[in-house]
Amino acid sequence: MAEGSQTAPEAGNDMGNDDAIGGNVSKYIVLPTGYCGQPKKGHLLFDACFESGNLGRVDQVSEFEYDLFIRPDTCNPRFRVWFNFTVENVKESQRVIFNIVNFSKTKSLYRDGMAPMVKSTSRPKWQRLPPKNVYYYRCPDHRKNYVMSFAFCFDREEDTYQFAYCYPYTYTRFQHYLDSLQKRNMDYFFREQLGQSVQQRQLDLLTITSPAGRWSW
């Protein structure tokens, strides 16, 4: 269990205010208002401090319900869509409702049957939540933003559960893929570095042509 865990803000305080969102939550344990003592099973621990993670703030609305605020895209504070976070310290058969409360899009495939992804320690393959447990709607309590709510039941206490907007594809995974292509020394694939992103990541230029001598024009 993480040391120095914080309690969740009181429900209703500063609700819908994106100004209160900083970096990603890191091993953040949500304790009931007024609770004193060590965290117990069922006091959920949220984390998004990993590559492609995104969860900026957690507010506990009730014993079973949580409002989740996602951070905006880099250099675009008006665009908020992606989420990816883990939850642990759960109780068996614990039921929750998670509300992603500050989406920036008015239209979403969530309105047409798409559902968030979930996996866990013992079930590492991504699966979609049942669409019947997912709701996408405009909420007057959150600046009339569109909110996506989903219900979930934790079934294994020792598992860490991960939820995401869709299948994550990380920068590291992409770089490993490009490395594997480059090592094959294919005469129609050329990779060079153009520069770096604002987050100091490599920007690649890929040139893909026909194999030498294969085509005649």
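Computed over heavy atoms, backbone and side chain alike; hydrogens, waters and symmetry mates excluded.
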Any idea which heavy atoms bring [X] and [Y] closest together, and the distance?
X   : Y    : value
C49 : S26  : SG-CB, 3.5 Å
H43 : Y35  : CE1-CZ, 3.6 Å
N99 : V147 : CB-CG1, 4.0 Å

Problem - Any residue meeting salt bridge (Lys or Arg N to Asp or Glu O under 4.0 Å) with R191, in chain and number order, not counting sequence neighbours - result: D179, D204

Do side-chain atoms of [X] reach the backbone of [Y] as a donor and acceptor pair under 3.5 angstrom?
X    : Y    : answer
Q162 : S120 : no
Q60  : S62  : yes
N54  : R71  : yes
R80  : N102 : yes
W82  : S52  : yes
N24  : L55  : yes
H176 : R173 : no

Exercise for the section: State plainly whether the residues E88 and K27 are in salt-bridge range, i.e. N to O under 4.0 Å. Expected result: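 Result for this pair is yes, salt bridge flagged.
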
Practice task
Look at R78 together with D73 and state whether they make a salt bridge at an N to O cut-off of under 4.0 Å.
Solution key: no

Problem - With P116, the side chain to side chain contact (heavy atoms under 4.5 Å, CB included) member among F163, Y165, F83 - result: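 Of all the options given, the one that passes is F83.
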
Exercise for the section: Report the residue from V96, I29, N89 that forms a side chain to side chain contact (heavy atoms under 4.5 Å, CB included) with L44. Expected result: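 Of the listed options, the one satisfying the test is V96.
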
Problem - Worked check of ring-ring contact (aromatic ring centres under 6.0 Å, His included) between Y110 and Y135 - result: CA-CA 7 Å; Y110 285 133; Y135 306 90; over 10 Å; no

If hydrophobic clusters are built by linking Ile, Leu, Val, Met, Phe, Trp and Tyr wherever their side-chain heavy atoms come under 4.5 Å apart, do [X] and [Y] end up in the same one?
X   : Y   : result
I97 : V61 : no
L68 : F79 : yes
V58 : F64 : no

[Y] side chain reached by [X] side chain, heavy atoms, under 4.5 Å:
X    : Y    : result
R156 : Y161 : yes
V30  : F46  : yes
T207 : F189 : no
Y169 : Y177 : yes
R111 : Y146 : yes
I70  : F85  : no
M117 : R128 : yes
P168 : W126 : yes

State the [atom1]-[atom2] distance between [X] and [Y], to the nearest 0.5 angstrom.
X    : Y    : atom1 : atom2 : answer
M148 : C139 : CE    : SG    : 13.5 Å
Q182 : Q175 : CD    : CD    : 9.5 Å
L206 : L181 : CG    : CG    : 8.5 Å
K91  : C153 : NZ    : SG    : 12.0 Å
L178 : K183 : CG    : NZ    : 12.0 Å
F174 : Q202 : CZ    : CD    : 10.0 Å

Practice task
Go through the steps to decide whether R123 and D155 satisfy the test salt bridge (charged side-chain N to carboxylate O under 4.0 Å, His left out), and finish with yes or no.
Solution key: CA-CA 12 Å; R123 288 155 294 191; D155 59 349; 2.9 Å; yes

Handout entry: Residue E192 excluded, over 12 heavy atoms near CD under 6.0 Å
Key = yes

Practice task
For the residue pair T121 and E158, confirm or rule out a side-chain donor-acceptor distance under 3.5 Å.
Solution key: no

Practice task
List in chain and number order the residues that pass side chain to side chain donor-acceptor pair (under 3.5 Å) with Y137, two or more places apart in sequence or in another chain; answer none if no residue qualifies.
Solution key: S149

Exercise for the section: Return the set of residues passing side chain to side chain donor-acceptor pair (under 3.5 Å) with T160 (not counting sequence neighbours), or none when no residue passes. Expected result: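 So T160 forms no side chain to side chain donor-acceptor pair (under 3.5 Å) with any residue.
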
Handout entry: Ring centroid separation F152 to F154 under 6.0 Å
Key =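 They qualify: ring centres under 6.0 Å apart.
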
Practice task
Go through the steps for T86 and F50 under the test side-chain contact (heavy atoms from CB on, under 4.5 Å), then give the verdict.
Solution key: CA-CA 10 Å; T86 63; F50 52 86; 3.9 Å; yes

Problem - Verdict with reasoning, K41 to E157, per side-chain contact (heavy atoms from CB on, under 4.5 Å) - result: CA-CA 8 Å; K41 278 288 185 181; E157 292 193 353; 4.1 Å; yes

